[in-house]
Number of protein chains: 2
Amino acid sequence: MVVQLELSDDEVNRIFRALADATRRDIVRRTLVAEITVSHLADSYDMSFAAVQKHIAVLEEARLVTKEPRGRERIVRGAPDRIRQAQHLLDEFELLWRSRIDRLDALLGEDAGAVASADHDTSTPTGE
Amino acid sequence: MVVQLELSDDEVNRIFRALADATRRDIVRRTLVAEITVSHLADSYDMSFAAVQKHIAVLEEARLVTKEPRGRERIVRGAPDRIRQAQHLLDEFELLWRSRIDRLDALLGEDAGAVASADHDTSTPTGE
DNA sequence: CAGTTGTACAACCATGTGGTTGTACGTTAC
DNA sequence: GTAACGTACAACCACATGGTTGTACAACTG
């Protein structure tokens, strides 16, 4: 039940590297939504079976998906806990940024905080 | 002030690719906390100045940092909005997973939901 | 002015990545 | 048993990546 506390640099590298490809991100999406076999996945993409196999292997090494034998087939499943770990990694950056803002606000004094925070935007992402 | 709504596959690739290196993640952390020059950054790592320059260039192409001239120096700053965009990308995966769980719960019926959700775990990562 | 500092950039090299084809082998279907 | 299916894996190729060194040049320093 307990998730690995610390991810090594190498593991983090593999996670982000695995996500840095559109085909692999699509595989993750699909395997999060439903179980699916390797060959069924391979049918979806305009590349060889072996190429898709390699993409799945990269995701598997990053532990973003798991593969389980069922007869001659291999069922691929997305690993949501690993996705959450990736989220936590980005949260860390966000926290660093916020702590910086807090320190700047402290320098500016309490009452100037409201104005300052509107300026450098600590709260809502500007997008979407 | 408004951030780009949709990220292209290529942009997403660059963001995750850029984060898939420990040195670059460290640069992002440091530039989120405080402004810092290229040469000051370069001093911190056990590699050539040019190598660090290249890492910064990768981050800049992913728009995870910005560079601004100040005299002969270049000030590097982390771009928190880009980090947030990356977070949103991972949120998307999380949502897919949750919607799957919701559908499974619906199949099991309303009252069976509580038991079922404890079983397949919508909240806390399961770990290995 | 001359010298030093900070940066940019090109050329080069070893290794990794993303694709291919071909072969092999266990599993299911007939 | 034989054929078809699903998968694994090796070999190969073009190109990207992450590092190096060397050169050039603008901006400060004295």
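All figures in this text were calculated on a predicted structure; none of them were measured in a lab.
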Val38(A) vs Glu73(A) side-chain heavy atoms within contact, under 4.5 Å: no
Distance-only side-chain donor-acceptor flag, Gln85(A) / Arg82(A), under 3.5 Å: yes
Heavy-atom check, side chain of Ile27(B) versus side chain of Ile56(B), under 4.5 Å: yes
Over all atoms of both residues, closest heavy-atom pair of Ile83(B) and Leu32(B): CG1-CD1, 4.5 Å
Range on DNA chain D touched by chain B, heavy atoms, distance below 4.0 Å: dT17(D) to dC28(D)
Whole-Å distance separating the CG atom of Asp21(B) from the P atom of dG16(C): 14 Å
Interface residues of residues 22-48 of chain B with DNA chain C (non-hydrogen, below 4.0 angstrom): Thr37(B), Val38(B), Ser39(B)
Upstream residue (5' side of DNA chain D) when Lys54(A) and Val52(B) are each assigned their closest nucleotide: Lys54(A)
Nearest-angstrom distance from the residue atom CG of Leu59(A) to P of dG18(C): 10 Å
Leu59(A) to Ala18(A) - nearest heavy-atom pair and separation: CD2-CB, 4.0 Å
Of Phe49(B) and Phe49(A), the one whose closest DNA chain C nucleotide lies more 5': Phe49(B)
Chi angles and distances behind the side-chain contact (heavy atoms from CB on, under 4.5 Å) call for Arg74(A), Ser39(A): CA-CA 8 Å; Arg74(A) 297 292 180 274; Ser39(A) 58; over 6 Å; no
Under the salt bridge (charged side-chain N to carboxylate O under 4.0 Å, His left out) test, residues paired with Arg25(A) that sit two or more places apart: Asp9(B)
Ion pair Arg84(A)/Asp81(A), N-O distance below 4.0 Å: no
Members besides Leu96(A) in its Ile/Leu/Val/Met/Phe/Trp/Tyr cluster (side-chain heavy atoms under 4.5 Å): Val33(B)
Sequence-distant partners of Asp10(A), salt bridge (charged side-chain N to carboxylate O under 4.0 Å, His left out), two or more places apart: Arg14(A)
Letter per nucleotide, 5' to 3', of nucleotides 23-30 of chain C [B base touched, S only sugar-phosphate touched, - untouched; heavy atoms, 4.0 Å]: ---BBB--
